[in-house]
Participant: 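Okay, here's the structure, questions in a sec.
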Number of protein chains: 2
Amino acid sequence: MGVEETTAPVANVPWQQITPDAARRLVIAAVEAFAERGYHATTTRDIAGRAGMSPAALYIHYKTKEELLYQISSVGHCLALRLLEDASSGEGTPADRLAAAVRAFTRWHAEHHTTARVVQYELGALSEEHLAEIVDLRRRTDRVVRGIIQQGVDAGDFAVPDLAGTTLAVMSLCIDVARWFGSERRRSPEELGGLYADLVLRMVRPAAC
Amino acid sequence: MGVEETTAPVANVPWQQITPDAARRLVIAAVEAFAERGYHATTTRDIAGRAGMSPAALYIHYKTKEELLYQISSVGHCLALRLLEDASSGEGTPADRLAAAVRAFTRWHAEHHTTARVVQYELGALSEEHLAEIVDLRRRTDRVVRGIIQQGVDAGDFAVPDLAGTTLAVMSLCIDVARWFGSERRRSPEELGGLYADLVLRMVRPAAC
DNA sequence: GCTTGGCCTAAGCGCTTGCTCAGCCATGAC
DNA sequence: GTCATGGCTGAGCAAGCGCTTAGGCCAAGC
């Protein structure tokens with residue numbers, strides 16, 4: 001509903017793939033509102049108002065308020081997955097690729113922290129079927145990162161006693177950026193990505209030398 | 001309202017300091033409900049029902065639904081702060097104390113992940129005055145952890161290029177446990193505390209030897 | 001035995017919520 | 001011209017919300 005199946009490159013302008021224009025304006029308004037106050041505290045009147053429409057206009061483009069959330073969650077998760085897959089299939093050592101993945105994933109959560117907040121913290125409001133789809137996307141995301149770390153271990157570059165646990169910690173660190181980013185202004189998404197890539201490499205590096 | 005000022009030891013039985021019994025039952029019911037569905041999606045009827053009372057009984061013990069949230073948030077933040085202060089003022093090297101702090105903080109977020117979820121993710125629903133109080137508690141919490149890391153740097157035990165950023169990352173890692181813990185059963189709070197203490201020590205350890 | 005005060009309930013008030021519906025208006029095909 | 005169509009609005013419905021009120025029950029104090 002509103003998303004075109006496309007192999008077009010991931011745009012830097014967000015939500016470009018959503019048409020028509022009114023549907024896109026609604027999604028952007030919903031992201032803002034959901035990020036600010038949460039899904040349940042946001043009214044359909046508020047969303048429609050931010051998009052410059054009457055409440056009824058929302059239901060021409062989306063069957064329910066939940067479908068709007070699903071749209072945001074779906075697009076966001078697909079984007080995050082593609083970011084990680086790109087980093088994973090890049091050039092260089094496992095350390096290079098892990099650093100690239102963490103940098104990209106962190107940057108995305110910082111740069112689009114409003115979207116990321118909705119994507120990461122409002123899963124509970126999805127319907128059962130929609131949630132199942134999203135959970136599957138998250139599993140795939142996890143697998144990509146675990147794969148990179150596994151390769152580093154196999155190559156002898158990393159020393160990781162608990163692969164699943166370390167993967168979880170790495171993902172968790174990046175995701176939590178969405179929670180606090182914006183409340184402290186001093187750090188840019190790029191700087192943060194660099195810092196986090198460094199910290200993660202330290203986590204997987206062998207202790208002795 | 002319901003909290004006794006006390007220097008008694010932190011009890012393992014949660015909410016023991018809240019009297020009378022009915023007020024405590026309400027708090028416990030509210031924690032469950034808020035953690036499951038979020039503050040805004042929880043009704044006062046649901047809370048009262050879980051506590052075995054009529055909706056009106058809630059308002060004998062708490063002026064508003066928000067005051068219940070504040071109670072939970074306040075007690076939770078004080079508890080977390082005390083955990084970290086205890087670890088910070090303990091014996092041993094900075095590395096020992098940092099490990100102890102991370103282990104305790106992580107364990108708490110895992111063991112009481114329902115409470116922690118409310119404490120960490122429902123701040124936005126607090127009133128302005130209550131939020132200000134809580135934000136102050138969080139600043140103090142942050143300072144404690146930064147203090148430990150600073151001591152390690154001063155002693156030459158740690159090599160940390162960005163003190164504030166690393167502190168943020170350490171706290172963030174522990175806090176995010178509340179988001180996902182419970183969805184994967186395999187790990188106990190103790191194991192997770194050990195794993196995270198190890199990962200954090202790796203993050204602050206000097207690279208060369 | 002009566003009063004007091006703490007704790008509770010049934011009923012419901014005023015309001016907001018997600019969502020619907022009848023109808024308006026610009027556009028484009030014929 | 002005319003008629004269908006897609007995008008939109010104003011008005012409003014049924015349900016559910018946070019919270020209040022009037023009053024009942026019962027143990028403790030005198």
Side-chain angles (χ1 to χ4, degrees), chain A residues 1-4 15 18-34 36-73 118 122 124-131, chain B residues 1-4 15 18-34 36-73 118 122 124-131:
Chain A
M1 185 135 299
V3 181
E4 287 168 5
W15 313 114
I18 294 176
T19 55
D21 182 69
R24 182 170 48 249
R25 266 158 49 219
L26 281 167
V27 166
I28 292 170
V31 166
E32 279 177 23
F34 291 164
E36 260 176 43
R37 313 136 86 106
Y39 176 82
H40 287 293
T42 299
T43 68
T44 54
R45 283 167 234 269
D46 183 21
I47 297 169
R50 285 178 197 240
M53 307 182 205
S54 79
L58 194 153
Y59 292 89
I60 292 158
H61 301 283
Y62 296 96
K63 279 202 292 282
T64 62
K65 175 178 153 189
E66 188 269 346
E67 200 176 88
L68 248 173
L69 175 64
Y70 168 65
Q71 174 89 156
I72 294 163
S73 203
V118 179
E122 304 291 344
L126 288 168
S127 75
E128 217 167 309
E129 302 85 36
H130 287 162
L131 180 60
Chain B
M1 185 134 296
V3 181
E4 288 168 4
W15 313 113
I18 294 176
T19 56
D21 183 69
R24 182 169 49 248
R25 265 159 47 220
L26 281 167
V27 166
I28 291 169
V31 166
E32 278 177 23
F34 290 164
E36 260 177 43
R37 312 137 86 106
Y39 175 80
H40 287 293
T42 300
T43 68
T44 54
R45 287 158 171 76
D46 182 22
I47 297 169
R50 285 179 196 240
M53 307 182 206
S54 79
L58 194 153
Y59 294 89
I60 292 158
H61 301 283
Y62 296 96
K63 279 203 291 284
T64 62
K65 177 179 151 188
E66 187 269 345
E67 199 175 88
L68 247 173
L69 175 64
Y70 168 65
Q71 174 90 155
I72 293 163
S73 202
V118 180
E122 303 292 342
L126 288 169
S127 74
E128 217 168 309
E129 303 85 36
H130 285 161
L131 180 60

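In what follows, every chain begins at residue 1, and chains take the letters A, B, ... in the order their sequences are listed. Here the structure is a predicted model, which means the values were calculated and not measured.
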Participant: Take the protein atom NE2 of B:H40 and the nucleotide atom P of C:dT16, then report the distance between them rounded to whole Å.
Facilitator: 16 Å
Participant: What is the distance, rounded to the nearest whole Å, between atom CD of A:E66 and atom P of C:dT17?
Facilitator: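 To the nearest whole Å, that distance equals 19 Å.
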Participant: Which nucleotide of DNA chain D is the first, and which the last, in the 5' to 3' direction, to come under 4.0 Å of a heavy atom belonging to chain A?
Facilitator: D:dC8 to D:dG12
Participant: Whole Å only: how far is the CD1 atom of A:I60 from the P atom of C:dC24?
Facilitator: 16 Å
Participant: What's the shortest heavy-atom distance between A:M53 and A:A22, and which atoms?
Facilitator: CE-O, 3.4 Å
Participant: Contact between B:F34 and B:I47 at the side-chain level, heavy atoms closer than 4.5 Å - yes or no?
Facilitator: yes
Participant: What is the separation between atom CD1 on A:I47 and atom P on C:dT17, rounded to the nearest whole Å?
Facilitator: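 Whole-Å distance recorded here is 11 Å.
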Participant: Toward the 5' end of DNA chain D, which comes first, A:A57 or B:T42, by nearest nucleotide?
Facilitator: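 Taking each residue's closest nucleotide, the earlier one in sequence belongs to A:A57.
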Participant: In this structure, how many angstroms lie between the P atom of C:dT16 and the NZ atom of A:K65, rounded?
Facilitator: 16 Å
Participant: Which pair of heavy atoms, one from B:A29 and one from B:A51, lies closest together, and at what distance?
Facilitator: CB-N, 3.9 Å
Participant: Starting from P on C:dG18, measure out to CG on A:L68 and report it in whole angstrom.
Facilitator: 12 Å
Participant: What nucleic acid atoms does B:T43 come within less than 4.0 Å of, heavy atoms only: base, sugar-phosphate, or nothing?
Facilitator: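 If one applies the 4.0 Å heavy-atom cut-off, B:T43 turns out to touch the sugar-phosphate alone, with no base involved.
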Participant: Measure NZ/A:K63 against C1'/C:dT20 and give the value in whole Å, please.
Facilitator: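 Between C1' of C:dT20 and NZ of A:K63: 16 Å.
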Participant: Can you see which heavy atom on A:A23 is nearest to which on A:Y62, and at what distance?
Facilitator: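 In this case the closest contact between A:A23 and A:Y62 is O-OH, 3.6 Å.
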Participant: Any idea which of C:dC7, C:dG18, C:dT9 is nearest the A:Y59 side chain?
Facilitator: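 For the A:Y59 side chain, the nearest candidate turns out to be C:dG18.
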Participant: Do A:V27 and A:Q71 make a side-chain contact, defined as non-hydrogen atoms from C-beta onward lying under 4.5 Å apart?
Facilitator: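 Yes, their side chains come closer than 4.5 Å.
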Participant: The helix from C:dG1-D:dC30 to C:dC30-D:dG1: angle between its terminal axes, five pairs each, to 10°?
Facilitator: 10°
Participant: Do B:L126 and B:E66 have side chains that get closer than 4.5 Å, going by heavy atoms?
Facilitator: yes
Participant: Measure CG/A:D46 against P/C:dT16 and give the value in whole Å, please.
Facilitator: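 From A:D46 CG to C:dT16 P: 14 Å.
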Participant: Check whether any side-chain N or O of A:T42 sits under 3.5 Å from a backbone N or O of A:G38 as a donor-acceptor pair, and report yes or no.
Facilitator: yes
Participant: Closer than 3.5 angstrom, by distance alone: can the side chain of B:K63 be matched with the main-chain N or O of B:L68 as a donor-acceptor pair?
Facilitator: no
Participant: Return whichever of A:S54 or A:R45 has its heavy-atom-nearest nucleotide of DNA chain D closer to the 5' end.
Facilitator: A:S54
Participant: Less than 4.0 angstrom from a charged side-chain N to a carboxylate O is my criterion; do A:R50 and A:E36 meet it?
Facilitator: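 Result for this pair is yes, salt bridge flagged.
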